[in-house]
Amino acid sequence: MGVAVDPGKMIDLLQAVQYVEIGREEDLYSACRVVLLRRREDLPLFDQAWTFWWASRRSGPVSDVRMPDPRAKVAQIPRRLLRRGVARPQTAEHEERQELELQLSYSPSEALRQKDFADFDADEMDEARALLALLRPRIAQRVTRRTAPGRGRHLDLRQAMRRAMRTGGETLVLPRRERKLRPRPLVVLCDISGSMDRYSRILLQFVYAITTGLRDVETFVFGTRLTRISRLLRNRDIDEVVDLVAVQVHDWGGGTRIGDAIKDFNFHWGRRVLGHGAVVLLISDGWDRGEPETVRREMARLQRTSHRLIWLNPLLGRPGYQPLTRGLQAALPYVDDFLPIHNLQSLEQLGEVLAGTAR
């Protein structure tokens, strides 16, 4: 029904049911909610799934019971299936708010730009992929040590001598040189753990788009360990790229250790890819199983060695979201920009930030 439940949470649930009485439906309901859910927005969908499951157990095989549409309003659940402590009736105000949040349908590109990636269906995913292919990202430029003819303050003595030789020894205008400009390198660190599963594929397509559009981009993915995928992204077919990444990255959809992954990057890749004032994009929802102190220390090191550190969080675009996890709280003091990346409109805003990083 659209609620992300990874294998690790299923193992936790199997351990949790050893401490509750399965015959007491309310206790089992509470245990499942605590272990399986991460977001408040998933509570109505969980209640629908719970009601459907117990209704199917009482009325016959699962195949004989029609699965409710996860996009339907919670208020449409028959009241005869509502049980005290299982699927609780909602107030009128809550029902109206959920109707606005859960009523999803196909819409033109303007509505698609503001729709959360986690709510995309197959057709909308194809349309978003076509829009991402049209991206032409720009990144702020840096001043290099090399010079070129221009209007700078440095005299071009070599060009002045050549002009004097051509004109018989007279030079009326002294040519000058100015510093060259080059786009800053871009480094992408993308979280592909279980909590990011609904966003990982579309964000990989975004990373693929900026990799083909920019010149100097290095891409890494991490869950419990760090993996460099820059060479894989040079493939011309995005579908093959996503499939190859999913196969070769062994911790896809697993746990998250942000601090350990950043430490691995700092000590093994930092000096290679962070030269010339690189901009770092860290894409993650902030859920972490590691130690907050490790996150704090390695984020401080990463900020010192990069020109700008931008954290992109897909949950930041949801109403009422607050970064309360310990790992995220430890990292935020060292983040230059904390931005959402949950829909196409947020990707456009990111493009504007990247283009104006120098300012």
Side-chain angles (χ1 to χ4, degrees), residues 132 135-146 179-192 196 199-200 202-222 226-234 258-259 261-286 295-314 316-317 323 328 331-342 344-359:
L132 288 176
L135 282 179
R136 294 296 179 266
R138 296 183 300 109
I139 191 168
Q141 296 181 325
R142 63 183 180 88
V143 179
T144 67
R145 295 183 179 181
R146 296 182 178 272
R179 294 294 181 92
K180 287 184 177 181
L181 298 178
R182 282 190 177 180
R184 292 186 177 277
L186 183 65
V187 178
V188 182
L189 304 172
C190 186
D191 186 351
I192 44 88
M196 288 283 293
Y199 297 95
S200 296
I202 188 68
L203 292 180
L204 274 180
Q205 294 177 7
F206 165 70
V207 173
Y208 175 81
I210 63 177
T211 300
T212 55
L214 296 177
R215 178 175 165 180
D216 191 2
V217 181
E218 287 286 346
T219 307
F220 301 81
V221 294
F222 66 90
L226 187 75
T227 306
R228 180 174 179 261
I229 62 169
S230 301
R231 294 184 179 179
L232 297 179
L233 294 178
R234 295 171 188 169
I258 300 177
I262 299 177
K263 180 179 180 179
D264 189 7
F265 173 81
N266 287 335
F267 281 86
H268 295 94
W269 294 98
R271 292 188 177 181
R272 307 185 196 183
V273 301
L274 291 181
H276 307 295
V279 176
V280 178
L281 299 182
L282 179 58
I283 307 175
S284 176
D285 56 4
V295 176
R296 185 200 64 78
R297 183 178 62 253
E298 299 305 325
M299 285 293 293
R301 187 191 304 271
L302 182 60
Q303 188 196 40
R304 289 195 302 267
T305 54
S306 60
H307 173 75
R308 197 169 192 85
L309 179 55
I310 303 175
W311 188 305
L312 304 174
N313 191 332
L316 188 58
L328 198 50
L332 281 180
Y334 307 99
V335 174
D336 296 312
D337 296 284
F338 189 49
L339 304 175
I341 188 171
H342 64 294
L344 293 173
Q345 187 175 13
S346 63
L347 295 183
E348 296 173 359
Q349 296 173 354
L350 173 62
E352 297 175 359
V353 172
L354 291 177
T357 311
R359 296 192 298 272

Engineer: I'd like to know if the side chain of N266 reaches the main chain of E298, judged simply by a donor and an acceptor atom lying under 3.5 Å from each other, with no hydrogens or angles considered.
Structural biologist: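 At least one qualifying donor-acceptor pair exists.
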Engineer: Could you walk me through whether Q303 and M299 pass the side-chain contact (heavy atoms from CB on, under 4.5 Å) check?
Structural biologist: CA-CA 6 Å; Q303 188 196 40; M299 285 293 293; over 6 Å; no
Engineer: Nearest 0.5 Å, please: how far is CZ in F206 from SG in C190?
Structural biologist: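 One finds 10.0 Å between SG of C190 and CZ of F206.
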Engineer: Could you pull out the closest heavy-atom pair between R228 and R231, with the gap in Å?
Structural biologist: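 Scanning both residues, the minimum pair turns out to be NH1-NE, 3.9 Å.
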Engineer: Taking the side chain as C-beta and beyond, is there a heavy-atom pair between L281 and L350 under 4.5 Å?
Structural biologist: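 Touching, per the 4.5 Å side-chain cut-off.
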Engineer: Between atom CG of L203 and atom CD1 of I283, what is the distance when rounded to the nearest 0.5 Å?
Structural biologist: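 Result: 5.5 Å between the selected atoms.
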Engineer: Quick one: does any side-chain atom of E218 pair with a main-chain N or O of V273 as donor and acceptor, under 3.5 Å?
Structural biologist: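 It does not hold such a pair.
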Engineer: Measuring from atom CD1 of I262 to atom CG of L302, what distance do you get when rounded to the nearest 0.5 angstrom?
Structural biologist: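 That separation rounds to 6.0 Å.
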Engineer: Would you say T227 and I192 make side-chain contact, with heavy atoms under 4.5 Å?
Structural biologist: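 No. Closest side-chain heavy atoms not under 4.5 Å.
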Engineer: Using a 3.5 Å distance criterion without hydrogens, assess whether the side chain of S306 forms a donor-acceptor pair with backbone atoms of A278.
Structural biologist: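 Here the side-chain-to-backbone pair does not exist.
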Engineer: So which heavy atom on L328 is nearest to which on D285, and how close?
Structural biologist: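 For L328 versus D285, the nearest heavy atoms are CD2-O, 4.4 Å.
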Engineer: What distance separates F222 CZ from D191 CG, expressed to the nearest 0.5 Å?
Structural biologist: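 It is 4.5 Å, given to the nearest 0.5 Å.
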Engineer: Find the distance between CG (L312) and CG (L282) and round it off to the nearest 0.5 Å.
Structural biologist: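 Taking CG in L312 and CG in L282, the distance rounds to 8.0 Å.
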Engineer: Locate the shortest heavy-atom distance separating V279 from R184; write the atom from each residue and the value.
Structural biologist: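 In this case the closest contact between V279 and R184 is CG2-CD, 4.1 Å.
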Engineer: Provide the closest heavy-atom pair for W311 versus A331 in the form atom of the first, atom of the second, distance.
Structural biologist: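 Minimum heavy-atom contact is CZ3-CB, 3.6 Å.
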Engineer: Please find the pair of heavy atoms, one from P314 and one from S284, that lie closest to each other, and give the distance.
Structural biologist: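 In terms of heavy atoms, the two residues are closest at CD-O, 3.8 Å.
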Engineer: Flag the pair T219 / Y208 as yes when at least one side-chain heavy-atom distance between them is below 4.5 Å, and no otherwise.
Structural biologist: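 In short, these two side chains do not touch, never coming nearer than 4.5 Å.
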Engineer: Could you give the distance from NE2 (H307) to CG (L274), rounded to the nearest 0.5 Å?
Structural biologist: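 So the NE2 of H307 and the CG of L274 are separated by 12.5 Å.
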Engineer: The test is side-chain contact (heavy atoms from CB on, under 4.5 Å); show your working for V217 and L233 and say whether it passes.
Structural biologist: CA-CA 10 Å; V217 181; L233 294 178; over 6 Å; no
Engineer: Answer yes or no: is there a donor N or O on one side and an acceptor on the other, between the side chain of R301 and the main chain of R297, under 3.5 Å?
Structural biologist: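 Looks like no, no N/O pair under 3.5 Å.
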Engineer: Kindly say whether I310 contributes a backbone atom to a donor-acceptor pair with the side chain of D336 at under 3.5 angstrom?
Structural biologist: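 Here the side-chain-to-backbone pair does not exist.
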Engineer: Are Y334 and R304 side-chain neighbours, meaning at least one heavy-atom pair lies under 4.5 Å?
Structural biologist: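 Contact flag for Y334/R304 side chains = no.
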Engineer: Side chains of V187 and F265: closer than 4.5 Å at any heavy-atom pair?
Structural biologist: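 With C-beta onward as the side chain, the pair touches.
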Engineer: Looking only at non-hydrogen atoms, find the nearest pair between G277 and P185 and report the distance.
Structural biologist: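 What the structure gives for the nearest pair is O-CD, 4.1 Å.
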Engineer: Determine whether P323 and N313 make a side-chain contact, defined as any pair of heavy atoms from C-beta on separated by less than 4.5 Å.
Structural biologist: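 With C-beta onward as the side chain, the pair stays apart.
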